[in-house]
Amino acid sequence: MSYFLNVTPINRQSLGSVAIAVAMLALSGCATTQRLTPQQCQVSNWQDIGYADGLQGRSGAYFGNHANDCANVVGATPNRMLWEQGRQVGLKSYCTELNAYKTGREGYDWQPVCPLEGIEKLEEAYSQGRYYYIRQRDLDYL
């Protein structure tokens with residue numbers, strides 16, 4: 001059973017802006033929460049924002065952060081449906097064994113946002129990456 005929505009592909013122009021957003025998020029670190037500016041609230045493509053959030057393993061509840069950021073901005077109406085469609089596409093990249101391993105190896109927490117189907121392989125990949133991270137951290141400490 002698939003938990004992913006069928007969505008129209010993200011166009012190349014949107015993909016470029018998503019790549020920039022993802023790069024900025026990566027440089028700022030996974031643990032940080034980037035707030036939307038009033039300008040971003042007014043002109044953002046909510047599917048692109050959802051895609052970037054999915055790549056970060058953010059849950060559906062994370063949309064509330066964007067809604068709060070944009071609550072007092074005139075002309076800004078966050079679109080949850082488009083955001084969720086984009087998030088589901090981003091989660092397809094987040095919910096891979098390679099990403100689970102990489103997340104563990106870099107010392108980040110694995111977010112429980114992936115479908116239960118195949119979750120054992122993801123958890124195993126994360127555990128292996130996390131084991132490597134802990135061993136390396138311990139060796140660096142010595």
Notebook entry, point to check: Would you say Tyr108 and Ile134 are hydrophobically clustered, going by side-chain heavy atoms of ILVMFWY under 4.5 Å?
Noted result: no

Checklist line | Lys/Arg N to Asp/Glu carboxylate O, Asp53 vs Arg87, below 4.0 Å | finding: no

Next item on the list: Check Pro78 against Phe63 and note the closest heavy-atom contact, atom names and distance.
Entry: CB-CZ, 3.4 Å

Next item on the list: Answer yes or no: is there a donor N or O on one side and an acceptor on the other, between the side chain of Arg130 and the main chain of Gly107, under 3.5 Å?
Entry: yes

Next item on the list: Just do the side chain to side chain donor-acceptor pair (under 3.5 Å) check on Tyr132 and Arg105 with the steps written out, would you?
Entry: CA-CA 6 Å; Tyr132 177 87; Arg105 185 171 171 159; 2.9 Å; yes

Notebook entry, point to check: Taking the six-membered ring for Trp, are Trp110 and Tyr94 ring centroids under 6.0 Å apart?
Noted result: yes

Note to self: In this structure, would Leu122 and Tyr101 fall into the same cluster of hydrophobic residues linked by side-chain contacts under 4.5 Å?
What the structure shows: no

Check: In the hydrophobic clustering that connects Ile, Leu, Val, Met, Phe, Trp and Tyr at side-chain heavy-atom distances below 4.5 Å, which members other than Tyr141 occupy its cluster, ordered by chain and number?
Finding: none

Notebook entry, point to check: When Ile, Leu, Val, Met, Phe, Trp and Tyr are grouped by side-chain heavy atoms lying under 4.5 Å apart, directly or through other members, which residues fall in the same group as Val43?
Noted result: none

Note to self: Show the nearest heavy-atom pair for residues Leu36 and Asp69, with the distance to one decimal.
What the structure shows: N-OD2, 3.0 Å

Notebook entry, point to check: Is the shortest side-chain N to carboxylate O distance from Glu124 to Lys121 below 4.0 Å?
Noted result: no

Notebook entry, point to check: What pairs meet the disulfide bond (SG atoms under 2.5 Å apart) rule with one or both residues in residues 36-77, with sequence neighbours excluded?
Noted result: Cys41-Cys70

